[in-house]
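We count residues from 1, following the sequence as given.
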Amino acid sequence: MTEIKEILETTVKAADSKRAENIVALDMENVSLLADYFVIMNADSNRQVDAIADEIIDQNEKAGVTIRHTEGQRAAEWILIDLGDVIVNVFQTDQRKYYNLEKLWSEATSVDVKPWLEAMA
């Protein structure tokens, strides 16, 4: 389980380093079979969404994590990164409001990511 938390921490720190906004991590263990954690964040431009996704991929690869699949990088409106037990969703702000994954997965418990955020330090 520690390994999954390390992937989660690496992901949140990488996103924060590229100024992702409203980073939320949801514990999906008792809610969905898809993954143990969902991470959701947003940014205001395609360029920033793409930069955030690239940094998450780079930092996880450096940590030895296998990137199973990515989706949406061409349009950069909603990029999904499958890290196995951690699924990452990087949205443009309007797309995040439209899809509202937090409401869809409202049964999931939020994970406190504040200790991993530079702005909070």
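- The pair Glu9-Lys13 meets the salt-bridge criterion, with a side-chain N (NZ, NE, NH1 or NH2) lying under 4.0 Å from an Asp/Glu carboxylate O.
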Run the side-chain contact (heavy atoms from CB on, under 4.5 Å) check on Val31 and Trp105 step by step: do they pass? CA-CA 8 Å; Val31 179; Trp105 299 110; 3.7 Å; yes

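- For the side chain to side chain contact (heavy atoms under 4.5 Å, CB included) test with Ile23, the passing option among Ile40, Val90, Val39 is Val39; the others fail.
- Every residue meeting the side-chain hydrogen bond (donor to acceptor under 3.5 Å, both in side chains) condition with Asn46, not counting sequence neighbours, appears here in chain and number order: Gln92.
- Note on residues 91-105: pairs passing salt bridge (Lys or Arg N to Asp or Glu O under 4.0 Å), not counting sequence neighbours, are Arg96-Glu102.
- Atom CG of Asn89 sits about 8.0 Å away from atom CE of Met41, to the nearest 0.5 Å.
- Side chain to side chain, Asn60 and Thr10 fail the donor-acceptor criterion of an N or O pair below 3.5 Å.
- No donor-acceptor contact under 3.5 angstrom links the side chains of Trp116 and Asp16, judged on distance only.
- Not counting sequence neighbours, Gln95 has no partner by the side-chain hydrogen bond (donor to acceptor under 3.5 Å, both in side chains) test.
- Using a 3.5 Å distance cut-off with no hydrogens or angles, the side chains of Asp54 and Gln73 do pair a donor with an acceptor.
- Met28 approaches Ala108 most closely through the heavy-atom pair SD-CB, 3.6 Å.
- We find the CD-OG distance between Glu55 and Ser17 to be 4.0 Å, quoted to the nearest 0.5 Å.
- Separation of atoms NZ (Lys5) and CD1 (Ile7) is listed at 12.5 Å; rounding is to 0.5 Å.
- Sorted by first then second residue, the salt bridge (Lys or Arg N to Asp or Glu O under 4.0 Å) pairs that include residues 62-89, not counting sequence neighbours, number zero.
- Taking hydrophobic clusters as Ile, Leu, Val, Met, Phe, Trp and Tyr residues chained together by side-chain heavy-atom distances below 4.5 Å, Phe38 does not share a cluster with Val111.
- Contact between Val49 and Phe91 at its shortest, heavy atoms only, is CG2-O, 3.5 Å.
- Cluster annotation: Ile52 is connected to Ile81 through the hydrophobic network of ILVMFWY side chains, with a link wherever side-chain heavy atoms come within less than 4.5 Å.
- Remark: the backbone N or O of Arg19 is paired with a side-chain donor or acceptor of Gln48 at under 3.5 angstrom.
- Taken to the nearest 0.5 Å, the CD1 atom of Ile4 stands 11.5 Å off from the CG atom of Leu83.
- Counting Ile, Leu, Val, Met, Phe, Trp and Tyr side chains that sit under 4.5 Å apart, directly or through other members, Leu33 stands alone, with no cluster partners.
- A continuous path of Ile, Leu, Val, Met, Phe, Trp and Tyr side chains, each step under 4.5 Å between heavy atoms, connects Tyr99 with Leu26, placing both in one hydrophobic cluster.
- Hydrophobic cluster membership is shared by Val86 and Ile56, with clusters built from Ile, Leu, Val, Met, Phe, Trp and Tyr side chains linked at under 4.5 angstrom.
- The minimum heavy-atom distance linking Glu29 with Asp27 is given by the pair N-OD1, 3.1 Å.
- Across all their heavy atoms, Gly84 and Ala35 have their closest contact at O-CB, 4.0 Å.
- No continuous path of ILVMFWY side-chain contacts below 4.5 Å connects Trp78 to Val88, so the two sit in separate hydrophobic clusters.
- Considering only residues two or more places apart in sequence or on other chains, Glu61 meets the side chain to side chain contact (heavy atoms under 4.5 Å, CB included) condition with Ile57, Asp58, Ile67.
- Closest of all the heavy-atom pairs between Gln59 and Ala14 is CG-CB, 3.8 Å.
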